[in-house]
Trainee: 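Pasting a structure below so you can have a look.
Letters A, B, ... mirror the listed sequences (proteins, then strands); counts begin at 1.
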Amino acid sequence: MKVRVKFKKYGAMRFIGHLDVMRYFQKAMIRADIPIAFSEGFSPHQIMSFANPLGIGVTSEGEYFDIELQREISSKNAVKQLNDVMVEGMEVVSFRQIAEEKKKTGMAIVAGADYLSSLKQGTFPKDWKEKASTFMNQEQILIVKKTKRSEKEVNIKPMIYKFEVRDERIYMQVATGSVENLKPGLVMQAFCQYLHMDEEATSFANHRLDLYANAEVDGNRELVTLESLGSEIE
Amino acid sequence: MRKLALSDDILMTVEKPARYIGNEVNSVMKNSKEVDIRFAFAFPEQYEIGMSHLGIKILYDMFNRREDVWCERVFSPWVDLHKIMKEQNLALFALESQDPIRDFDFIGITIQFEMCYTNILQILDLGQVPLHATDRSIEDPFVIGGGPCTYNPEPLADFFDIFYIGEGETVYDELFDKYKIWKKSGKSRREFLEIAAGIEGLYVPQFYDVSYHEDGTIADFRPNNEHAQPTIKKQVVMDVTHAVYPEKPVVPFIKAVQDRVVLEIQRGCIRGCRFCQAGMIYRPTRERNVEKLKEYARNMIRNTGYEEISLSSLSSSDYSQLEELVNFLIDEFQDQSVNISLPSLRIDSFSLDVMSKVQDVRKSSVTFAPEAGSQRMRDVINKGLTEEDIIGGAGKAFDGGWTRVKLYFMLGLPTETEEDMKEIARLSDRVARRYYEIPKEERNGKCQIVASSSFFIPKPFTPLQWATMFTPEEYIRRAYIVKHEFLEQLNRKSLKYNWHEADVTMLEGAFARGDRRLCKTLEEAYRLGCLFDSWSDHYDHEKWMTAFENTGADLDFYTIRPRALDEKFPWDFIDIGVTKDFLKREWKNAMNAKVTANCREKCSGCGAGTFEGGVCIESKSKI
């Protein structure tokens, strides 16, 4: 049986990197007595795959990984057992059965994510809210993307699905996953440039809200949360 | 939610911020206002190394069982953070509360190896605690040192208020109880140190005066305070089975060096290798009850979620219930995909059988520590391992499918001749020959024999404590002799030889047998920027040599000077049970290449019998 686990990551845990979060949950499965399945072979490992890595420093209320179970356990019990062994800053939100097909799990289906970005250091110009509403009216949003080998200018506008002000923060929905992937920091960098702000003196706290799969209808993008693809185990 | 001591900006800048945030599974949180004693337990090395250490886990657990004590952890900030903390004048903090350690009651520092000494000064310096014990005021914490290096605490004497000599399980409760009374009494700092000096096993270095002969050796060492004892008795926990064991150890987020459940099966070693300090200071050998160990193993896997369990001891094969324990672990855990690792095993049919069950033969190697190439040399160091054991064990491993063998040696042992050095290469070759005796069609390609040598460092409280070291040039010359001999061997293409650096060896040797005059040199080295000296990329030999020069200390005095049999050593005031007479006898036996039986074969009257337990009474009851 395949299961999708949704969890939150906040507080000091934002400094724990992706690989260490994986190791953390592998140990948590044992502590919580979750009947997770193991791979075959000489050094068996837990069957567990994470949807999308979260950058160091970013908090989230919508992280996911999929596991395989040896035997059934109810969602309610599993969530409780896991939360009994969590540390502060890690909280399991749901534990749901998902479809068995391989291509519907883990990394493969992630298509989008949404974030809240709040100013941590520096000051916005007075008209930042108006500017936020016109930001997406630009024909192109160009940004220099640095990779290990090269630097290249890319137009990130097609990867930004939503960009708006919510309370005193920026809300955005962006392309995420193995096909296209845009980090919130890069969007905010572009926004800073649009506002003519001093990037060096500005920093943002980014918070991921959820991860989405594309339940495409007639070629139109239709983002649904990964959680909604699972169902509670009674 | 906890507030972190370091800002987001700093944490986002430094390598592995997880080293500094605490919050790990099983870390202990308490209300600082509800405890009487705040204890910062420091391991003066990188987090990943410190978190692998069993001693800190035992004491952390033991201290925190007391409601009136909150013990927290501290590690050396890595060089990147060190720089930032110095620049911004940030105070070193404990991981759990994130509070500055200068506000604690105690800073306990475990001292595991000589090359961490500059890191001890780093902890105090970044901790914003005066480096010298005598400069500390009533506002400052008491700095207490423990661990194997405190068997010669003298090169650190200036920096510690108290040294705890021996195993931590025994007198900390007494110290804490007396501290609470003292704290309420409003008495002076000195008065507390006098109270501490009255507790068995605790050494307060400022209560002693040392005078020297003209040749630099110690003339006299005696207390200058009536509360201080002329000899300090090593602390031993005799009932290891019922001693505290950390069944809920802290589980780091990042991968520690020892990233597994550790089961300490016994303390001490019956073997009596003459170079080995642990083999002497942990006498007598004491075994933990096997049923208790099974219970620990189950609980610890459940409490941590680790997928690997490892046995810990100086010589696992000598544990009398090993077979039962190992079979239990295999039965109990193999279905749960828990790996079992068994270090320090003698290679024989039993261990090979077990190893083939718990690891992939093709990927693993078997390890021998002959320590010396020739039988004569092995007799000098009392390494009870014959060539037959080595070739026979390796042969069985080859027959079982292994093709890789690691061999560990020492160079620069006392009485070592060129023949002895060359035997390292020849023995390695004989191991390879044994492999090629297997018919070609039955063997698995070539074998790989990797031999490595370190340079021997004489340590206090060993029979070889009288040995002279050599110059770095001489060490390198010896390594080259071995290297050239390797090239002469028939199977040279299957052999590989590595040796350790010589410069660090000299320094380690100096501090191992140093006296309190070296405190100045150490402080100067830290001032010059020496830090993380056990990391070859950070070790700066030039700076160290400058520190010796600037403080007028003579490295050779501590390393290559011959020591007379009746010389008064800086550590002679410590009573470890094993007597100096026994060590002298063993030194003479070493010079005559005469082997001494191990504790189970025959008692040699080393003196550890005074503790009336462990292997000492076990062998008597068998007679």
Side-chain angles (χ1 to χ4, degrees), chain A residues 8-48 55-59 70 81-91 118 120-122 185 200-206, chain B residues 1-27 29 48 95-96 98 248 250-256 259-261 298-308 333-339 356-364:
Chain A
K8 293 181 185 175
K9 186 185 176 200
Y10 55 92
M13 294 307 290
R14 69 190 182 282
F15 295 108
I16 304 301
H18 179 62
L19 289 174
D20 295 324
V21 169
M22 286 168 61
R23 288 167 10 90
Y24 168 82
F25 273 107
Q26 282 162 8
K27 293 189 176 82
M29 290 296 139
I30 297 176
R31 290 196 302 272
D33 210 14
I34 303 295
I36 188 164
F38 287 83
S39 66
E40 303 286 318
F42 207 94
S43 49
H45 54 269
Q46 296 181 2
I47 301 176
M48 178 184 275
I56 285 194
V58 184
T59 54
Q70 295 172 20
Q81 279 165 238
L82 281 164
N83 281 330
D84 283 347
V85 301
M86 290 292 113
V87 295
E88 185 183 88
M90 285 289 203
E91 188 188 327
S118 45
K120 210 168 57 177
Q121 211 175 59
E200 295 292 305
T202 316
S203 68
F204 297 92
N206 295 317
Chain B
M1 218 181 308
R2 275 176 346 135
K3 194 178 167 344
L4 298 178
L6 299 172
S7 70
D8 277 26
D9 278 349
I10 294 176
L11 287 166
M12 292 298 284
T13 316
V14 297
E15 187 186 306
K16 300 194 187 175
R19 288 168 178 159
Y20 312 112
I21 61 172
N23 197 41
E24 304 95 325
V25 169
N26 297 333
S27 59
M29 292 301 293
E48 291 92 313
L95 293 186
E96 281 76 359
Q98 301 272 310
K248 285 184 81 175
V250 177
V251 185
F253 293 115
I254 51 176
K255 227 170 146 45
D259 198 36
R260 51 189 73 90
V261 162
R298 278 201 199 99
N299 293 345
M300 289 172 80
I301 291 288
R302 197 185 312 129
N303 291 338
T304 60
Y306 273 123
E307 291 178 274
E308 186 170 348
F333 294 121
Q334 209 140 52
D335 307 340
Q336 299 179 36
S337 303
V338 174
N339 291 318
S356 65
K357 282 182 197 155
V358 301
Q359 53 187 227
D360 189 342
V361 171
R362 284 163 305 160
K363 286 183 190 149
S364 60

Trainee: I'd like to know which of B/L4, B/T304, B/N303, B/I21 tops the heavy-atom pair count under 4.5 Å against chain A.
Mentor: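 Of the options given, most contacts go to B/T304.
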
Trainee: Kindly indicate whether a cation-pi arrangement holds for A/R31 with A/Y24, taking the cut-offs as under 6.0 Å to the six-membered ring centre and within 45° of the axis.
Mentor: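 Positive - A/R31 is close enough to the ring of A/Y24 and near enough to its axis.
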
Trainee: With a 4.5 angstrom heavy-atom cut-off, could you sort out which part of A/I16 is near chain B: side chain, backbone, both or neither?
Mentor: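 For A/I16, the contact with chain B is made by the side chain alone.
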
Trainee: Indicate yes or no for a side-chain donor-acceptor contact from B/E24 to the backbone of B/P252 under 3.5 Å, with no hydrogens or angles considered.
Mentor: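 Flag not set: sc B/E24 to bb B/P252 has no pair under 3.5 Å.
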
Trainee: For B/D259, is it the side chain, the backbone, both or neither that has a heavy atom under 4.5 Å from a heavy atom of chain A?
Mentor: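 The side chain, not the backbone.
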
Trainee: Is it the side chain or the backbone of B/I254 that comes within 4.5 Å of chain A heavy atoms, both, or neither?
Mentor: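 Both backbone and side chain.
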
Trainee: Check whether B/D9 gets within reach of chain A through its side chain, its backbone, both or neither, counting any heavy atom under 4.5 Å.
Mentor: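 Side chain only.
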
Trainee: CZ of A/R23 to CD of A/Q46: how many Å apart, nearest 0.5 Å?
Mentor: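 A/R23 atom CZ to A/Q46 atom CD measures 12.0 Å (nearest 0.5 Å).
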
Trainee: Under the side-chain contact (heavy atoms from CB on, under 4.5 Å) criterion, do B/D8 and A/F15 qualify, and how do the steps go?
Mentor: CA-CA 9 Å; B/D8 277 26; A/F15 295 108; 3.7 Å; yes

Trainee: Please classify the contact of A/F38 with chain B as side chain, backbone, both or neither, using a heavy-atom distance under 4.5 Å.
Mentor: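 For A/F38, the contact with chain B is made by the side chain alone.
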
Trainee: Does B/E48 pair with B/R19 as a salt bridge, N-O distance under 4.0 Å?
Mentor: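 So B/E48 pairs with B/R19 through a salt bridge.
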
Trainee: Can you tell me which portion of B/K255 sits under 4.5 Å from chain A's heavy atoms? Options are side chain, backbone, both or neither.
Mentor: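 Looking at B/K255, backbone and side chain both touch chain A.
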
Trainee: Measure the CZ-CE distance between B/R2 and B/M29 for me, rounded to the nearest 0.5 Å.
Mentor: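 Going from CZ on B/R2 over to CE on B/M29, the span is 5.5 Å.
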
Trainee: Measure B/N23 against the heavy atoms of chain A and call it side chain, backbone, both or neither at under 4.5 Å.
Mentor: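 Contact with chain A: backbone and side chain both.
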
